[in-house]
Undergrad: 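Okay, handing you the structure first.
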Amino acid sequence: MKKGVVVLFSLVFAAFCLPLAAQPNIKAVETDVVDNFDTDAEWTWDVQASRFIEEGYPIIKKFEGIPNSLRPYHKDSDPTAMVLGVKTKYQRKGDNWFEVFPKKDDKVYEIPFIGTVTQIDFWVWGANYSYKLELLVRDADGRVHTLNAGSLMFQGWRNIVVNIPGYIRQHSKFRSGRRNMSFIGFRIRTDANEAVDDYVIYFDQLKYTTNTLSNVYDGYDLRDADFGDNEKEASSDSADAK
């Protein structure tokens with residue numbers, strides 16, 4: 001009887017332990033920098049605002065600067081540390097807002113994320129106004145999601161970390177679907193009772209944490225195999241246009 005118990009225990013132990021030893025590691029957690037604003041990226045940054053903005057505003061430009069917590073990581077050989085700044089003035093209090101977003105070739109551009117993102121991380125300079133900060137992302141189904149990044153009622157630099165909810169689909173189940181979730185931009189909303197006649201905000205070190213292997217599977221390289229029908233589709237589309 002005891003021998004049977006020992007054999008059963010051994011089988012159970014093997015069933016739980018062997019697959020763990022044989023299972024490949026499918027995680028590759030990395031932190032990717034989207035933009036540190038120190039050098040020119042493949043995109044630029046622009047800003048748009050709600051209708052009661054004063055003429056000539058909003059203004060967006062880069063300034064020399066860096067959060068103190070990042071100074072130890074900035075070497076003398078690195079490019080000059082820069083931050084992205086925005087200044088706004090509104091004609092009246094109310095539900096005012098402005099959005100900071102990337103552009104490429106003079107068109108609105110959405111920055112694609114790589115892998116499955118767990119959090120977005122950046123530095124923001126607050127002017128101690130009762131404003132709200134939001135992030136805009138687009139999921140793999142094309143839906144835009146607004147992520148709450150908290151209040152801007154603080155002074156100076158603060159590191160903001162926004163977790164990505166699990167309900168946001170980051171990869172399409174279809175081969176022809178969107179590859180990744182994408183970053184649309186920042187949105188800042190004013191409080192209805194807060195001053196709006198002289199506001200500034202700065203951003204630095206926009207990055208994200210991701211599992212780059214989460215959507216890589218055996219045979220992933222065949223996803224974009226060329227069957228030779230691309231030219232046929234192009235000629236068919238051209239004929240339909242005529």
Undergrad: Go through the steps to decide whether Ile120 and Val137 satisfy the test side-chain contact (heavy atoms from CB on, under 4.5 Å), and finish with yes or no.
TA: CA-CA 11 Å; Ile120 301 174; Val137 299; 4.2 Å; yes
Undergrad: State the OH-OG1 distance between Tyr57 and Thr88, to the nearest 0.5 angstrom.
TA: 9.5 Å
Undergrad: Can you check whether Ser130's main-chain N or O pairs, donor with acceptor, with Ser151's side chain at less than 3.5 Å?
TA: no
Undergrad: Would you say that Asp38 contacts Asp78 through its side chain, given a criterion of any heavy-atom pair below 4.5 Å between the two side chains?
TA: no
Undergrad: Apply side-chain contact (heavy atoms from CB on, under 4.5 Å) to Gln170 and Ile164, showing your working.
TA: CA-CA 10 Å; Gln170 299 194 39; Ile164 304 300; 3.6 Å; yes
Undergrad: So, Tyr90 side chain and Trp97 main chain: donor-acceptor pair closer than 3.5 Å or not?
TA: yes
Undergrad: Are the side chain of Glu194 and the backbone of Tyr131 linked by a donor-acceptor contact shorter than 3.5 Å?
TA: no
Undergrad: The test is side-chain contact (heavy atoms from CB on, under 4.5 Å); show your working for Trp157 and Tyr202 and say whether it passes.
TA: CA-CA 9 Å; Trp157 288 107; Tyr202 301 94; 3.7 Å; yes
Undergrad: Determine whether Ile111 and Tyr208 make a side-chain contact, defined as any pair of heavy atoms from C-beta on separated by less than 4.5 Å.
TA: no
Undergrad: From Lys132 NZ over to Thr190 OG1, what is the distance, rounded to the nearest 0.5 angstrom?
TA: 12.0 Å
Undergrad: Find out whether Phe183 and Val34 are in side-chain contact, i.e. whether some heavy atom of one side chain is under 4.5 Å from a heavy atom of the other.
TA: no
Undergrad: With no hydrogens and no angle check, is any side-chain donor or acceptor of His145 less than 3.5 Å from a backbone partner on Leu135?
TA: no
Undergrad: How about Phe122 and Phe186: are their ring centroids closer than 6.0 Å?
TA: yes
Undergrad: Any side-chain heavy atom of Ile160 sitting closer than 4.5 Å to one from Phe203?
TA: no
Undergrad: What residue among Phe37, Phe101, Tyr109 forms side chain to side chain contact (heavy atoms under 4.5 Å, CB included) with Trp45?
TA: Phe37
Undergrad: Can you hop from Phe154 to Val162 via hydrophobic side chains spaced under 4.5 Å?
TA: yes
Undergrad: Give, for atom CZ of Arg158 and atom OG of Ser69, the distance between the pair rounded to the nearest 0.5 Å.
TA: 12.0 Å
Undergrad: Please name the pair of heavy atoms, one in Val83 and one in Gly65, separated by the smallest distance, quoted to 0.1 Å.
TA: CG1-O, 3.4 Å
Undergrad: Under a 4.0 Å N-O cut-off, is there an ion pair linking Asp198 with Lys87?
TA: yes
Undergrad: Between the main-chain N or O of Thr209 and the side-chain N or O of Thr118, is there a donor-acceptor pair closer than 3.5 Å?
TA: yes
Undergrad: So, taking the atom named CZ in Phe63 and the one named CE in Met82, what distance separates them when rounded to the nearest 0.5 Å?
TA: 8.5 Å
Undergrad: With a 4.5 Å cut-off on side-chain heavy atoms, are Asn96 and Ile53 touching?
TA: no
Undergrad: For the pair Val161 and Asn159, evaluate side-chain contact (heavy atoms from CB on, under 4.5 Å) and give the outcome as yes or no after the intermediate values.
TA: CA-CA 7 Å; Val161 178; Asn159 184 220; 4.0 Å; yes
Undergrad: How far apart are the closest heavy atoms of Asn193 and Lys93, and which atoms are they?
TA: O-NZ, 3.5 Å
Undergrad: Has Thr146 got a side-chain atom pairing as donor or acceptor with Leu136's backbone, closer than 3.5 angstrom?
TA: no
Undergrad: Working note: Asp141 + Arg143, criterion salt bridge (charged side-chain N to carboxylate O under 4.0 Å, His left out); need CA distance, chi angles, decisive distance, verdict.
TA: CA-CA 6 Å; Asp141 295 325; Arg143 300 187 185 92; 3.2 Å; yes
Undergrad: Do His171 and Asn180 have side-chain heavy atoms sitting under 4.5 Å apart?
TA: yes
Undergrad: In Å and rounded to the nearest 0.5 Å, what is the CG to CD1 distance from Asp204 to Ile66?
TA: 6.0 Å
Undergrad: Please report the shortest heavy-atom distance between Ile114 and Thr210, naming the atom on each side.
TA: O-OG1, 2.5 Å
Undergrad: Less than 4.0 Å between a side-chain N and a carboxylate O, is that true for Lys207 and Asp121?
TA: yes
Undergrad: Can you tell if the side chain of Val196 reaches within under 4.5 Å of the side chain of Arg92, non-hydrogen atoms only?
TA: no
Undergrad: Checking side-chain polar atoms at under 3.5 Å, does Trp43 have a donor or acceptor matched by the opposite partner on Asp35?
TA: yes
Undergrad: Are Trp125 and Val200 packed together at the side-chain level, in the sense that at least one heavy-atom pair is separated by less than 4.5 angstrom?
TA: yes
Undergrad: Roughly how far apart are Gln48 CD and Arg187 CZ, rounded to 0.5 Å?
TA: 9.0 Å
